[in-house]
Every structure is written in C-alpha cells, then in structure tokens.
Amino acid sequence: MRIPVVTSAPDRRRLLMTATAGGAALVAGALLARRAAATPESARALLQTLAKGDYKDGKISLKAPEIAENGNTVPITVMVDSKMEGADRVKKIHVVADGNPLPGVLSMEFGEGSGKVEVQFRIRLAETQKLVAVAEMGDGALYSVTREIKVTIGGCGG
Amino acid sequence: MSEDIKPRIRVPSSIKKGDMVEVKTLVSHVMETGQRKDAQGKTIPRKIVNRFTCAYNGKMVIDMKIEPAISANPYISFFFRAVDSGKLEMAWTEDGGAVAKAEQAITVS
C-alpha cells in the first residue's frame, strides 16, 4: 500500500512507518489470536537446524507459479543441476515456507537408485510468501534458492 | 491405515536401459493439518501422510519427510535411472504409523 502524500522524505518515512507498524500490530494481533505463524526468521532458523552452514547460490532451482490463484494447491518443482555422482551428488533437499502457520514443507533424501533431481509436489500457502529450498551435496556444500509466490486465496483453512 | 488412501502410480510404458524415468504418484488423503477448527471451535487433530519412500530393486531412490504444508491428495513425481528390469516399491506412512504400500513392475528393454 502506498500513501499518496507528498512531503519531505523523513516525514514521509515516519508516516509510512507509523502506518505500517500500526497495521502490522493489528494484523499480528489478529493472526496470533488464531494461530502462531512462521516468520522469515523462524523459517531460516528451521533451515539452519536441517542444514547448518552458509548457503551458496546456484545449482538448485525452484519452478513455481508467480501468482498462485489457489493457495490450497500450488505446484512446485525443485531441480538440482547434478550428475548424481561423487561430490556432485545431491544428498538432501529441504524446503521451507516463511508465511505458513508452520515453516516446514518437506525434506527429502536421495539414494543410489536416484537418477536426477527433479521432484514435483503440491503445497499449501496461507498467503503471499517466500519459499526457500536448500540442497546438500555429496561434499557437504549447501546451495539455496528463494522464490516469492503471490497467493490470491490462502490455503490453510482455519 | 485409513482406507481412504489409494496409491496411483504412473510410469512410461516403454523404458530403455539407462533411461531417466519419471514416476508420478498420487494418493487420496485429506492431509488434515492440525490447524483447522471444527464448528465447536475444537482443533481437528493432525492426520497427514508424513513420509514417502521409493526403492528400486532394493536401492533407495527417494525418502521424503512430509509436513502439513503438502496439499491434500499428495502428488509426488521424481526420477530414477532404469538399469535393470525389476520393481519399484513405494510406501506412504500416515500419522499413527499406518503404512500404504504399492509396487510397480519395471520392464527395461
């Protein structure tokens, strides 16, 4: 939301901050009354418990609709560019979402029978939020990717 | 296992040795999140499929830990490398420990 007031920058910023802070408090109050929600911080904390370390960019990618009309079922594809051999092998992938009641989405492990990493599934998204996926490689390197998905109708019942 | 779970599996009809083969799976399950409340305001207890595994001739292909964020009637697709004829063994585990199993014969030409 943008406030259509033209003033000097600090004034405008203060106005915006007051407006958003008030709004956020209201929304948070309303949400907390119903359920505890995941935040980007709790999603990040969960990821660190699943795959501890620094994440690099690259290798892993997420395919998802930019706008999900129905948050009840959002198709997601996670892919990793890997030959599935030696240090380049994908051991695990973790996926979290930062705006659902709970941050976890899924974790998966790949065995020697696996061919290539291209896994598709459908998820619930309560609201517009970011999806983060982390791949753990054979040599322990961690790669992550983040995608924002806009949600028109939330999908967590409640 | 609740009898509402019915695994459906689809693989390509012809598979050549060394092919990267896509397996598509679907089970019927409500995936009750544990977040919803009934008309009396009581929380409906969580009941989801929390794990999916697939092995190909005894070798692990994928082992998934699933959270309530996965949609009802979970659809999962993934790939394996076809080296020999044999079978895919899949299992879905529900909260409470019940397991639904399914097998898919693979014929490599």
Side-chain angles (χ1 to χ4, degrees), chain A residues 31 34-38 43 46 50 68 70-80 82-85 90-126 129 131 149 154-158, chain B residues 10-11 15 18-27 29-38 41 43-44 46 48-84 86-90 106:
Chain A
L31 273 177
R34 276 174 59 193
R35 63 173 92 101
L46 175 69
L50 295 167
N70 180 0
N72 270 309
T73 166
V74 185
I76 305 291
T77 309
V78 51
M79 285 167 289
V80 181
S82 155
K83 293 197 175 61
M84 293 304 280
E85 282 166 5
V90 180
K91 270 162 58 182
K92 289 178 188 171
I93 293 180
H94 307 283
V95 183
V96 303
D98 68 7
N100 273 350
L102 295 164
V105 176
L106 60 77
S107 291
M108 49 199 167
E109 210 178 321
F110 298 91
E112 49 181 331
S114 184
K116 66 171 177 179
V117 175
E118 184 176 332
V119 180
Q120 245 180 80
F121 45 90
R122 295 172 184 156
I123 65 169
R124 294 174 167 132
L125 293 173
Q129 59 187 286
L131 202 65
I149 303 169
C156 279
Chain B
R10 175 153 266 186
V11 294
I15 298 168
D19 270 2
M20 220 62 95
V21 182
E22 184 174 29
V23 185
K24 297 175 178 175
T25 72
L26 185 72
V27 289
H29 197 282
V30 289
M31 296 293 280
E32 189 59 63
T33 59
Q35 302 287 334
R36 297 197 308 148
K37 291 189 168 50
D38 63 14
T43 302
I44 305 170
R46 184 183 119 155
I48 65 163
V49 172
N50 59 40
R51 190 174 178 211
F52 167 71
T53 59
C54 175
Y56 169 52
N57 289 343
K59 286 183 184 154
M60 194 237 277
V61 176
I62 194 165
D63 185 342
M64 254 181 177
K65 185 178 174 291
I66 297 171
E67 304 287 345
I70 297 297
S71 303
N73 303 328
Y75 166 86
I76 300 165
S77 82
F78 56 93
F79 284 82
F80 74 99
R81 189 196 298 269
V83 287
D84 269 313
K87 65 180 176 188
L88 289 173
E89 289 169 290
M90 283 159 266
I106 300 292

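Chain letters run A, B, ... following the sequence lines, proteins first, then strands; residues in each count from 1. Please read these numbers as outputs of a predicted model, since none were measured by experiment.
- In this structure, R46(B) places its CZ atom where more than 12 heavy-atom neighbours from other residues, nucleotides or ligands lie under 6.0 Å away.
- With a threshold of 4.5 angstrom between heavy atoms, A82(B) does not approach chain A through any atom at all.
- Note on E22(B), M20(B), R51(B): by heavy-atom pairs under 4.5 Å with chain A, the leading option is M20(B).
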Worked check of side-chain contact (heavy atoms from CB on, under 4.5 Å) between M64(B) and V119(A):
CA-CA 11 Å; M64(B) 254 181 177; V119(A) 180; 3.5 Å; yes

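- Panel note: side chain R124(A), backbone P68(B); a donor-acceptor pair is recorded below 3.5 Å.
- Taking 4.5 Å as the limit, some side-chain heavy atom of I70(B) sits within range of a side-chain heavy atom of F121(A).
- Using a 4.5 Å cut-off on side-chain heavy atoms (C-beta onward), K24(B) and Q120(A) make no contact.
- Taking every heavy atom of both residues into account, G104(A) and A69(B) meet most closely at O-CB, 3.5 Å.
- Per-residue heavy-atom pair counts under 4.5 Å with chain B were compared for H94(A), M84(A), E118(A), and the maximum is reached by E118(A).
- Between I66(B) and M108(A), the closest side-chain pair of non-hydrogen atoms is not below 4.5 Å.
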Take Q35(B) and L102(A) through the side-chain contact (heavy atoms from CB on, under 4.5 Å) test and state the conclusion after the steps.
CA-CA 9 Å; Q35(B) 302 287 334; L102(A) 295 164; 3.7 Å; yes

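- Taken from OG in S114(A) to CG in D63(B), the straight-line distance is 11.5 Å, to the nearest 0.5 Å.
- The side-chain heavy atoms of E67(B) and L106(A), taken from C-beta on, include no pair separated by under 4.5 Å.
- Not a single donor-acceptor pair under 3.5 Å links the side chain of T73(A) to the backbone N or O of S71(B).
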